[in-house]
Amino acid sequence: MIAPQRLWSGLGALETTVAGLAWLGGALAAVAQGWIFPTAALLPPMGLLVVNLAAAMATRPGLRGSVPLLLFHAALLFFLLLLGVSRLTYFKGQAEVTEGIPFDGTVIGSESGPWHRNRLDRVEFAQQGFEIDYALGLRRGEIRNRVRWRDEFGEAREGGIDDDHPLVLEGYRFYPTANKGFAAVLTWTPRGGVPTEGSVHLSSYPSHAVPSIDWTLPGSDIPALTLLRMADPPADPERPFSFRLPEKHELVLTIGGETRALRPGEVWDRLEGRLEYQRLTTWMGYLIHYDPAKPWLIVAAFFAVGCLGWHFARRFARRDWTEDVTSPLPPGEG
Amino acid sequence: MEFEHGLLALASLIYGGAGGVIFVQARRGTPPGWAAAALVGGGWMIHTLSLWLRWGRLDHGPFLNLHELLSSNVWSLVLILGILFWRLPTVRPAAAVAAPIVLVMIAWMLHADPRDTHLPPTYDTPWLYLHVGFGKVFMGLTLAAVGVSGVVLVRWFAWGRRRFATLPRDEALDELAYRCLAGALLFDTLMLIAGAVWAQDAWGRWWNWDPLEVWTLMTWLLLALTLHLRPAFNISPPVHAMWILLIFTSAFLTFFGVPFFSTRPHQGVV
């Protein structure tokens, strides 16, 4: 049986560091090839490196004798532990929000760590529209997105966010994205039922020249294909333009093999119910990100770099770069 | 053709002349002298003017397409190697080992499409400039390490020993390469941090496992591994030199290969 002291010393050895780094490199290559999910591949070698770092700091006199090197390794250990916290608590998702309709916590696709407690239902904000200028060739400019929200004190606020400045609520960061477009606001009244108002998000514009969407009528399994026919489409690859609603348009609906073009305010009476096209508006696609460890990760990373720089500066200052290190070759040693 | 392209072609020609002088002097076993320094300095100033004109015309830095990436990296590599060989005159002949890499990049740059680029809104942040700047210093220090430790490898051969006999002994070159590598690790780490901060607000995440991120991390791991290998196994200067070459290859492919051969590099998420 290996004595605990010897085991601890072995775990903290430089050879273990080399083994851990090589293992991590191999795991990373497997991730790069898409053979394995990152967390599953990287967790074991990173676990070994965490143990190695802790053992090295406890047992290696060379490390303990140098304050900057010890601080660097402590920061690195803290960083790796924070990475673990980050993976356990993070949240990533996407949402589409119609102009004028409050965000209700619904997300389209998301992933999160096992310790994440979803608080999106506490978030209160509403999309107020956006402005985007496009250069020649449909090259997108900055998104200027307007939102109204309720802050942590319950007060109503209004302001703008853009590509680099998200809306931060309950720790969630909401980023507006290039995925946005037109939304048709419709009222569906089933036979003998109560009217339901909702919006249908047409495919992203101007990446789709003819925005369309397949959906089903509320409370039924009747498919409805919807596309937007614009008399004056705002997007033009040949000249700069700004995103705007088309002045003249029709909503072309195909339900049950029958097609009808509706203008705002027009109604389509069907056997199943009554569909009224209210108006055309916009929707914005948001990326949602939550990671409570992130600020600490940045602090730990900068601190680690600072300590490593300090260590190298001290070490390299002991021997002159131009004289000792690059001393000429003694005669006969060529 | 824009005036800046003519200037770039002229700078490339002068760089080529400087390379020729460096090789002739290496062949004679003498360090590069004032002629090589004047040609490198002159070429670099014309190159600077070309980059400055392009930057002013397009209103953004040169880092969006392969041509801009190669041009700006040639510029920073020449600057960093120039400073190193100016400050360390005893290792100046090592320029003959680093120069072919820069000359290949210049030839590649002249063949890359120089068309105008558009700065996406997600690129309009100071963090990008820090990210790119740190990356250039990292690349420069790695190439410096390759140049210095490459002499150790070249001296395996009799002709190499003759050409580079005036340089310090292998252990001294190895130590210098190690120092360059240590600096490279610092700047590679800073590049990763600045890139993560930029990515957080540009794309709503600080890490996404895109190929460029994965291979940058791989290069960082190789650097960390090499710096640990030296004290752990007391590796010889030639073995150390081969590890340095591996790091440079990984960094080179990450910088100039991944963004243009993968369908999901940074530009895929603009």
Side-chain angles (χ1 to χ4, degrees), chain A residues 13-18 21-22 24-25 28-29 31-32 38 62 86 90 92 94 132 135-137 139-143 162-166 173-175 177-178 286-289 291 294 297-298 301-302 304-305 308-309 311-312 315-316 319 321-330 333-334, chain B residues 87-91 118-125 127 148 155 161-162 164-173 175-176 178-179 182-183 185-187 189-190 192-193 196-198 200-209 211 214-215 217-218 221-222 224-226 228-229 231-233 270:
Chain A
L14 264 175
E15 289 80 355
T16 310
T17 312
V18 169
L21 288 171
L24 193 56
L28 201 58
V31 169
S86 169
Y90 82 103
K92 269 199 307 195
Q94 301 94 44
I132 305 172
L136 195 72
R139 290 183 310 202
R140 181 176 71 81
E142 189 188 41
I143 299 170
D162 57 44
D163 291 273
D164 298 334
H165 300 96
R173 301 169 76 85
F174 291 81
Y175 293 89
T177 68
Y286 284 92
L287 258 178
I288 310 168
H289 189 263
D291 188 349
K294 192 189 62 185
L297 280 166
I298 296 171
F302 275 118
V305 173
L308 191 61
H311 164 69
F312 283 140
R315 194 192 142 168
F316 297 156
R319 287 178 68 193
W321 285 63
T322 52
E323 290 171 17
D324 295 335
V325 175
T326 60
S327 55
L329 207 64
E333 285 189 31
Chain B
R87 297 292 300 153
L88 303 172
T90 52
V91 293
H118 164 75
L119 188 77
T122 47
Y123 278 57
D124 193 13
T125 155
W127 284 103
V148 172
R155 287 206 291 212
R161 281 195 290 277
R162 281 198 306 277
F164 296 102
T166 57
L167 267 89
R169 61 183 177 276
D170 285 356
E171 288 70 23
L173 293 176
E175 172 64 20
L176 185 56
Y178 176 80
R179 290 179 176 204
L185 178 72
L186 284 176
F187 281 95
T189 312
L190 287 169
L192 278 167
I193 299 170
V197 174
W198 164 43
Q200 175 65 62
D201 280 341
W203 304 312
R205 84 295 185 285
W206 54 268
W207 192 266
N208 201 39
W209 298 108
V214 170
W215 286 105
L217 184 57
M218 185 66 95
L221 276 176
L222 275 172
L225 185 65
T226 307
H228 282 89
L229 273 174
F233 296 104
V270 168

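In what follows, chains carry the letters A, B, and so on, assigned in the order in which the sequence lines appear, proteins first and then strands, with residues in each chain numbered from 1. Just the heavy atoms: all of them, side chains too, but no hydrogens, waters or symmetry mates, feed the values below. The model shown is predicted, which means the values in this text are computed figures rather than measured ones.
Nearest approach of A224(B) to L185(B), heavy atoms of both residues: N-CD1, 4.2 Å. For the residue pair E142(A) and D162(A), the shortest heavy atom distance occurs at OE2-OD2, 3.5 Å. Across all their heavy atoms, L221(B) and L21(A) have their closest contact at CD2-CD2, 3.7 Å.
Inter-residue side-chain proximity for W209(B) and L28(A) is flagged as met; some heavy-atom pair is nearer than 4.5 Å. Inter-residue side-chain proximity for Y175(A) and R205(B) is flagged as unmet; no heavy-atom pair is nearer than 4.5 Å. Annotation: side chain of Y90(A) is not in contact with side chain of H289(A) (no heavy-atom distance under 4.5 Å).
Heavy-atom distances place no part of V148(B) under 4.5 Å from chain A, backbone and side chain included. Proximity to chain B is absent for every atom of T16(A), based on heavy atoms less than 4.5 angstrom apart. Proximity to chain B (any heavy atom under 4.5 Å) is restricted, for D291(A), to the side chain, taken from C-beta onward. In this structure, chain A has heavy atoms under 4.5 Å from both the backbone and the side chain of L217(B). With a 4.5 angstrom heavy-atom cutoff, I298(A) touches chain B only via side-chain atoms. When heavy atoms are compared at a cutoff of 4.5 Å, V18(A) approaches chain B by way of both its backbone and its side chain. Proximity to chain A (any heavy atom under 4.5 Å) is shown, for L119(B), by neither the backbone nor the side chain. Contacts between R139(A) and chain B at a heavy-atom distance below 4.5 Å involve backbone atoms as well as side-chain atoms. Looking at I143(A), neither its backbone nor its side chain comes within 4.5 Å of chain B, counting heavy atoms on both sides. Only the side chain of L287(A) comes within contact range of chain B, judged by heavy atoms closer than 4.5 Å. In this structure, chain B has heavy atoms under 4.5 Å from both the backbone and the side chain of A29(A). Proximity to chain B involves both the backbone and the side chain of F302(A), based on heavy atoms less than 4.5 angstrom apart.
The main-chain N or O of H118(B) is never found under 3.5 Å from a side-chain atom of Y123(B) such that the two would form a donor-acceptor pair. Counting only distance, with no hydrogens or angles, the side chain of W198(B) and the backbone of W203(B) share no donor-acceptor pair below 3.5 Å. Here the side chain of R155(B) pairs a donor or acceptor atom with the backbone of F164(B) at under 3.5 angstrom.
Considering only heavy-atom pairs separated by less than 4.5 Å from chain A, the leading option among P231(B), A232(B), G204(B) is G204(B). Between chain B and the options A22(A), G141(A), G137(A), the largest number of non-hydrogen pairs under 4.5 Å is found for G141(A). The most heavy-atom pairs under 4.5 Å with chain B, out of T177(A), D163(A), L297(A), I288(A), come from D163(A). The greatest number of non-hydrogen atom pairs below 4.5 Å with chain B, out of P38(A), P166(A), A304(A), A135(A), is found for P38(A). Counting heavy-atom pairs closer than 4.5 Å to chain A, the top residue among D124(B), T125(B), L186(B) is L186(B). Among L190(B), L222(B), T189(B), the residue making the largest number of heavy-atom pairs under 4.5 Å with chain A is L190(B).
If you check the side chains of D201(B) and W127(B), you find no donor sitting under 3.5 Å from an acceptor.
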Report task. Go through the steps to decide whether S86(A) and W207(B) satisfy the test side chain to side chain contact (heavy atoms under 4.5 Å, CB included), and finish with yes or no. Result -> CA-CA 12 Å; S86(A) 169; W207(B) 192 266; over 6 Å; no
